[in-house]
Asks: 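Please find one structure pasted underneath; my questions will follow.
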Amino acid sequence: MSDQPPATPSAVHDWNLDPTAAVQLQKALRERIALTPLAKSVRLIGGADISFNMYSDIFHAAIVVLDYRSMEVVDSAYFTQTVTFPYIPGLLSFREIPTLLRAWEKLEQKPDVVMVDGHGIAHPRRMGIATHFGLVTGVPTLGCAKKILTGKYREPGTERGEASPILDGHETIGYALRSKRNVKPIFVSPGHLLDLEGALEIARHCVLKHKLPEPTRLAHLMVNDYRRSANAG
DNA sequence: GCGACAG
DNA sequence: ATCTTGTCGC
């Protein structure tokens, strides 16, 4: 029996790199980013997040899967391991993705799109964690961050759902989205196999009663519960 | 050279 | 990212 080729070529590579090599890899991988409209309609959406104790290098990853229409959790997977890559702005993916991938492998139901806590192409080299995760797994992704990393934006209107583009020069790389009235915006950008408009549409759809959209909000809550239970016993 | 800097 | 209670505002 031979393996079936993946629907989308995945970017498999070594993760044991130093920061300089990581930046070079990002510059090569960015050539493979596809900001195309979503190929199929979304039935399931994933939320990905990492949690760890302060000063600890033991990471806990969670990927939760939600039904896109009801926003109810239908599956989830976790993984825990020691991480050595340091936190360097712009290289977050090299620190967090290895653990996320192990959780991803454990999922029984793979979602149609994954929302990652962090940026997609709203990154100096367009290689935020959401983009990198999409390139490696071949799954469509978008990034949803609480703080901006690069680019400039005009404050969006104060009403829920209003958005304004994040610009890097004249290029739009994402949106500042007012997910709740009179609350600081969140930052949405496509990762891979998704376009700017699609990312914004999905993010808006996933915002229910909180500032953060359900996929990453629940992934955050669940991975924290998971970590605390690991701390306890 | 200086300031900024996802999680 | 993580440690934390109350508190102010819609």
Side-chain angles (χ1 to χ4, degrees), chain A residues 15 19 22-23 26 30 33 47-63 78-101 103 114-135 141-153 157-162 166-169 173-192 199 203 207 209-213 215-232:
Chain A
W15 291 95
V23 169
Q26 289 184 323
R30 78 177 285 179
I33 301 169
D49 194 23
I50 289 286
S51 179
F52 55 90
N53 293 314
M54 196 169 13
Y55 309 131
S56 172
D57 53 3
I58 297 175
F59 276 32
H60 303 275
I63 297 187
Y78 304 86
F79 195 81
T80 299
Q81 69 177 4
T82 297
V83 167
T84 56
F85 199 94
Y87 171 66
I88 299 172
L91 298 180
L92 179 67
S93 64
F94 292 90
R95 181 168 166 78
E96 300 195 343
I97 286 185
T99 314
L100 286 175
L101 283 178
V114 176
M115 178 183 287
V116 183
D117 187 7
H119 292 98
I121 62 168
H123 176 284
R125 292 170 294 280
R126 308 293 178 267
M127 280 294 297
I129 186 171
T131 301
H132 201 160
F133 187 82
L135 285 168
T141 57
L142 71 154
C144 192
K146 296 174 287 299
K147 293 187 292 186
I148 195 159
L149 172 63
T150 193
K152 301 182 184 305
Y153 67 98
T158 59
E159 287 303 306
R160 176 187 194 290
E162 298 204 77
I166 300 173
L167 302 172
D168 186 347
I173 57 176
Y175 294 98
L177 171 64
R178 189 81 66 184
S179 53
K180 261 178 79 77
R181 193 177 188 175
N182 295 329
V183 171
K184 286 296 190 181
I186 58 178
F187 304 91
V188 179
S189 60
H192 183 48
V207 172
K209 306 178 61 179
H210 304 267
K211 167 177 176 174
L212 298 181
T216 46
R217 188 182 77 84
L218 292 177
H220 188 260
L221 290 176
M222 293 169 72
V223 76
N224 273 327
D225 282 349
Y226 184 79
R227 173 178 54 82
R228 288 165 183 146
S229 66
N231 288 338

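All figures in this text were calculated on a predicted structure; none of them were measured in a lab. In the text below, chain A, chain B and the rest are named by the order of the sequence lines, each starting its count at 1.
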Asks: Please identify each residue that fulfils side-chain hydrogen bond (donor to acceptor under 3.5 Å, both in side chains) with Arg181(A), with sequence neighbours left out.
Replies: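 Glu159(A).
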Asks: Residues from residues 142-151 of chain A sitting under 4.0 Å of DNA chain C, heavy atoms only?
Replies: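 Lys146(A), in order of number.
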Asks: Can you list every side chain to side chain donor-acceptor pair (under 3.5 Å) pair that touches residues 143-153 of chain A, not counting sequence neighbours?
Replies: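 Matches after skipping sequence neighbours: Asp117(A)-Lys146(A).
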Asks: Determine yes or no for a side-chain-to-main-chain donor-acceptor pair under 3.5 angstrom, with His123(A) supplying the side chain and Leu149(A) the backbone.
Replies: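 Not confirmed, His123(A) side chain does not pair with Leu149(A) backbone.
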Asks: Just to be sure I understand the geometry, which residues of residues 80-90 of chain A put a non-hydrogen atom under 4.0 Å away from DNA chain B?
Replies: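 The stretch gives Tyr87(A), Pro89(A), Gly90(A) as the residues lying under 4.0 Å from the strand, ordered by number.
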Asks: Classify the nucleic acid contact of His132(A) as base, sugar-phosphate or nothing, counting any heavy atom under 4.0 Å across all strands shown.
Replies: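 Nothing, no heavy atom under 4.0 Å.
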Asks: Checking Ala199(A) now: which residues fulfil side chain to side chain contact (heavy atoms under 4.5 Å, CB included) with it, not counting sequence neighbours?
Replies: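 Applying side chain to side chain contact (heavy atoms under 4.5 Å, CB included) to Ala199(A) gives Leu142(A), Val188(A), Pro190(A), Leu194(A).
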Asks: Only Watson-Crick and G-U wobble pairs, only distances under 3.5 Å, only runs of 3 or more: what stems does that leave for DNA chain C?
Replies: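 Listed by first number, the stems come to none.
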Asks: Heavy atoms of chain A, cut-off under 4.0 Å: which first and last nucleotide of DNA chain B, 5' to 3', fall inside that, if you could look?
Replies: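 Result: dC5(B) to dG7(B).
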Asks: Regarding Leu91(A), tell me which of base, sugar-phosphate or nothing describes its non-hydrogen contacts under 4.0 Å with the strands shown.
Replies: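 Counting heavy atoms under 4.0 Å across all strands, the contact made by Leu91(A) includes a base.
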Asks: In dot-bracket notation, what is the pairing pattern of DNA chain B, taking Watson-Crick (N1-N3 plus N6-O4 or O6-N4) and G-U wobble (N1-O2 and O6-N3) contacts under 3.5 Å, with [ ] crossing and | for other strands?
Replies: .......
Asks: Only counting residues at least two apart or in another chain, list the ones meeting side chain to side chain contact (heavy atoms under 4.5 Å, CB included) with Leu91(A).
Replies: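 Leu91(A) satisfies side chain to side chain contact (heavy atoms under 4.5 Å, CB included) with Pro19(A), Ala22(A), Val23(A), Gln26(A), Phe85(A), Ile88(A), Phe94(A), Arg125(A) only.
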Asks: Enumerate the protein-to-nucleotides 3-10 of chain C contacts in which both atoms are nitrogen or oxygen and the separation is below 3.5 Å.
Replies:
unit_1	atom_1	unit_2	atom_2	d
dC3(C)	OP1	Arg227(A)	NH1	3.4

Asks: Just by distance, do the side chain of Thr131(A) and the backbone of Gly191(A) share a donor-acceptor pair under 3.5 Å?
Replies: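 Between the backbone of Gly191(A) and the side chain of Thr131(A) there is a qualifying donor-acceptor contact (under 3.5 Å).
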Asks: If the condition is side-chain hydrogen bond (donor to acceptor under 3.5 Å, both in side chains), which residues does Asn53(A) pass it with, not counting sequence neighbours?
Replies: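 Here the qualifying residues are Arg227(A), Asn231(A).
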Asks: For Thr99(A), give me all partners under side chain to side chain contact (heavy atoms under 4.5 Å, CB included), at least two apart in sequence or on another chain.
Replies: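 Checked Thr99(A) against side chain to side chain contact (heavy atoms under 4.5 Å, CB included); matches are Ile50(A), Phe59(A), Ala61(A), Phe79(A), Gln81(A), Val83(A).
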Asks: In terms of side-chain heavy atoms, does Thr141(A) have a donor or acceptor partner in His192(A) at a distance below 3.5 Å?
Replies: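 No, because no side-chain N or O of Thr141(A) sits under 3.5 Å from a partner of the opposite role on His192(A).
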